[in-house]
Amino acid sequence: MPEDRRVRKTKSAIKNAFIQLLEEKELEKITIQNITQLADVNRGTFYLHYEDKYILLSDMEDEFISRLADRIVFEKVMMHDVSIEAFAKAFSEEVLKNIITYLYDNIEFYKVIFKLDRKSKIEEKISDLMLNNMKKSIPFSNTVSDIPIDYFHSYVNGATVSFIKHWVQDEDRMEPDTVVDYLFKIIFNGPLRLMANEHQHTDHTK
């Protein structure tokens with residue numbers, strides 16, 4: 001059943017106030033009174049929706065992860081009998097571009113949330129989302145090119161999340177299209193091949 005418009009407005013005010021406070025101070029130093037004063041709601045209203053600030057944080061993470069998941073259109077990528085190039089193009093346009101654009105549209109939230117490190121479960125939730133989508137793409141196998149999926153996922157997830165965190169927190173942040181191009185180049189070619197190509201190019205220019 002959809003939430004009442006007034007409830008959505010109240011919860012939005014609480015969440016916006018929380019994000020603003022997280023930009024200014026550490027999570028542990030934020031009080032419920034800080035949140036309610038900035039959101040212009042009373043304490044009773046806050047507790048009507050959230051048990052504490054940690055439940056509020058988790059609820060916000062879940063909401064953003066759910067919206068992020070909606071942007072990942074794997075159905076258009078996982079077509080049968082397509083070339084590697086067609087698969088890669090579809091992955092770039094239907095997955096990477098959608099993810100980066102969504103992050104960019106919600107950059108203030110992710111800037112704040114990634115700074116929380118272990119106080120936030122956002123990275124763990126992104127990891128679970130990535131693993132679930134990997135399993136969708138290889139439903140009848142637990143390996144990728146004979147590599148156990150848990151090892152494959154561990155590498156891909158770690159590298160991708162680290163790349164995204166660096167971009168989100170970069171004060172001189174690149175435009176989304178540029179980030180998509182760079183991330184796709186690394187994913188498609190692999191870091192070792194790119195480094196080997198660069199080394200070969202350097203040798204030829206000496």
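Only this structure's heavy atoms are used, side chains among them; waters, hydrogens and symmetry mates stay out.
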Q: Show, in sequence, the C-alpha distance, side-chain angles and deciding distance for T45 and N42, and conclude whether the side chain to side chain donor-acceptor pair (under 3.5 Å) test is met.
A: CA-CA 5 Å; T45 300; N42 60 51; 2.8 Å; yes
Q: Working to the nearest 0.5 angstrom, can you tell me the gap between E124 CD and N157 CG?
A: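 Answer for the CD-CG pair, E124 versus N157, is 10.5 Å.
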Q: Any chance you could measure L56, atom CG, to I30, atom CD1, to the nearest 0.5 Å?
A: 9.5 Å
Q: To the closest 0.5 Å, what do you measure between CD1 (I187) and OG1 (T160)?
A: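 OG1 of T160 is found 5.0 Å from CD1 of I187.
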Q: Does CD belonging to E26 count more than 12 external heavy atoms closer than 6.0 Å?
A: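 No, because the 6.0 Å sphere around CD of E26 holds 12 heavy atoms or fewer from other groups.
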Q: Do any N or O atoms from the side chain of K97 and from the backbone of V180 form a donor-acceptor pair under 3.5 angstrom?
A: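 Answer holds: no.
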Q: Would you check if R173 and I107 make a side-chain contact, meaning some heavy-atom pair closer than 4.5 Å?
A: yes
Q: How long is the span from the CG atom in L68 to the CG atom in N98, to the nearest 0.5 Å?
A: 9.5 Å
Q: For the residue pair F64 and Y102, categorise the inter-ring angle as parallel (less than 30°), tilted (30 to 60°) or perpendicular (more than 60°).
A: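 Tilted, since the angle between the ring planes falls between 30° and 60°.
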Q: Do I35 and L21 have side chains that get closer than 4.5 Å, going by heavy atoms?
A: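 With C-beta onward as the side chain, the pair touches.
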Q: Heavy atoms only: give me the nearest R67-E63 pair and the separation to one decimal.
A: NH2-OE2, 2.8 Å
Q: F184 and A88: which non-hydrogen atoms are nearest, and at how many Å?
A: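 Distance-wise, the nearest heavy atoms are CE1-O, 3.4 Å.
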Q: Please confirm whether the backbone N or O of H166 pairs with a side-chain atom of D170, one donor and one acceptor, at under 3.5 Å?
A: no
Q: If every non-hydrogen atom of L96 is compared with every non-hydrogen atom of L183, which pair is closest and at what distance?
A: CD2-CD2, 3.8 Å
Q: Specify the closest pair of heavy atoms between I19 and E108, including all atoms of both residues, with the distance to one decimal.
A: CG2-O, 4.4 Å
Q: Do the side chains of K115 and K111 get nearer than 4.5 Å, heavy atoms only?
A: no
Q: For T36 and Q33, indicate whether the former's side chain and the latter's backbone hold a donor-acceptor pair under 3.5 Å.
A: yes
Q: Is it the case that one hydrophobic cluster holds both Y155 and L192, taking links as side-chain heavy atoms less than 4.5 Å apart, direct or via other members?
A: no
Q: Are I100 and Y182 in one and the same hydrophobic cluster, where Ile, Leu, Val, Met, Phe, Trp and Tyr link if side-chain heavy atoms are under 4.5 Å apart?
A: yes
Q: Got more than 12 heavy atoms from elsewhere within 6.0 Å of NZ, K89?
A: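 12 or below, so no.
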Q: Considering non-hydrogen atoms only, spot the tightest contact between L194 and K185 and give its length.
A: CD1-O, 3.8 Å
Q: Drop me the distance from K165's NZ to I126's CD1, to the nearest 0.5 angstrom.
A: 9.5 Å
Q: With heavy-atom distances below 4.5 Å as the criterion, would you say the side chains of H49 and D59 are in contact?
A: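 No - every pair of side-chain heavy atoms lies 4.5 Å or more apart.
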Q: Can we call the ring centroids of F91 and F188 under 6.0 Å apart?
A: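 When the ring centroids of F91 and F188 are compared, they turn out to be at least 6.0 Å apart.
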Q: Is there a side-chain contact between F152 and T143, using heavy atoms and a 4.5 Å cut-off?
A: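 Contact flag for F152/T143 side chains = no.
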Q: More than 12 non-hydrogen atoms from neighbouring residues, nucleotides or ligands closer than 6.0 Å to CD on E28, yes or no?
A: yes
Q: Side-chain heavy atoms nearer than 4.5 Å, only ILVMFWY residues, links allowed to pass through others: does that put I14 and Y54 together?
A: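 Shared cluster, yes.
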Q: Set out, in order, the CA-CA distance, both residues' side-chain angles and the distance that settles side chain to side chain contact (heavy atoms under 4.5 Å, CB included) for F18 and V112, then state yes or no.
A: CA-CA 10 Å; F18 192 41; V112 165; over 6 Å; no
Q: Determine, step by step, whether F46 and Y50 satisfy the ring-ring contact (aromatic ring centres under 6.0 Å, His included) criterion, reporting the C-alpha distance in whole Å, the side-chain angles of both residues, the deciding distance to 0.1 Å, and the verdict.
A: CA-CA 6 Å; F46 178 91; Y50 307 105; 5.7 Å; yes
Q: Are M195 and V156 linked, directly or through other ILVMFWY residues, by side chains that come within less than 4.5 angstrom of each other?
A: no
Q: Between L116 and L57, is there a side-chain heavy-atom distance shorter than 4.5 Å?
A: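 A side-chain contact under 4.5 Å exists here.
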Q: Determine the minimum heavy-atom distance between Y47 and I32, stating which atoms define it.
A: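 Nearest pair, atom of Y47 first, then I32: OH-CG1, 3.4 Å.
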Q: A side-chain contact here means heavy atoms from C-beta on lying under 4.5 Å apart; do W167 and L103 qualify?
A: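 Yes, close enough: below the 4.5 Å cut-off.
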Q: In this structure, would I55 and L48 fall into the same cluster of hydrophobic residues linked by side-chain contacts under 4.5 Å?
A: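 No, because I55 and L48 fall into different hydrophobic clusters, even though each may have its own neighbours under 4.5 Å.
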Q: Once rounded to the nearest 0.5 Å, what's the spacing between atom NZ of K9 and atom CG of D4?
A: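 Rounded to the nearest 0.5 Å, the NZ-CG separation comes out at 11.5 Å.
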Q: Using the side chain to side chain contact (heavy atoms under 4.5 Å, CB included) rule, take K25 and N34 through it: C-alpha gap first, then chi angles, then the decisive distance, then the call.
A: CA-CA 11 Å; K25 57 174 70 178; N34 293 151; 3.6 Å; yes
Q: Using a strict cut-off of less than 4.0 Å between a Lys/Arg side-chain nitrogen and an Asp/Glu carboxylate oxygen, indicate whether E61 and K125 qualify as a salt bridge.
A: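 K125 and E61: salt-bridged.
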Q: Keeping the roles fixed (side chain from T10, backbone from R6), state whether a donor-acceptor pair exists under 3.5 Å.
A: yes
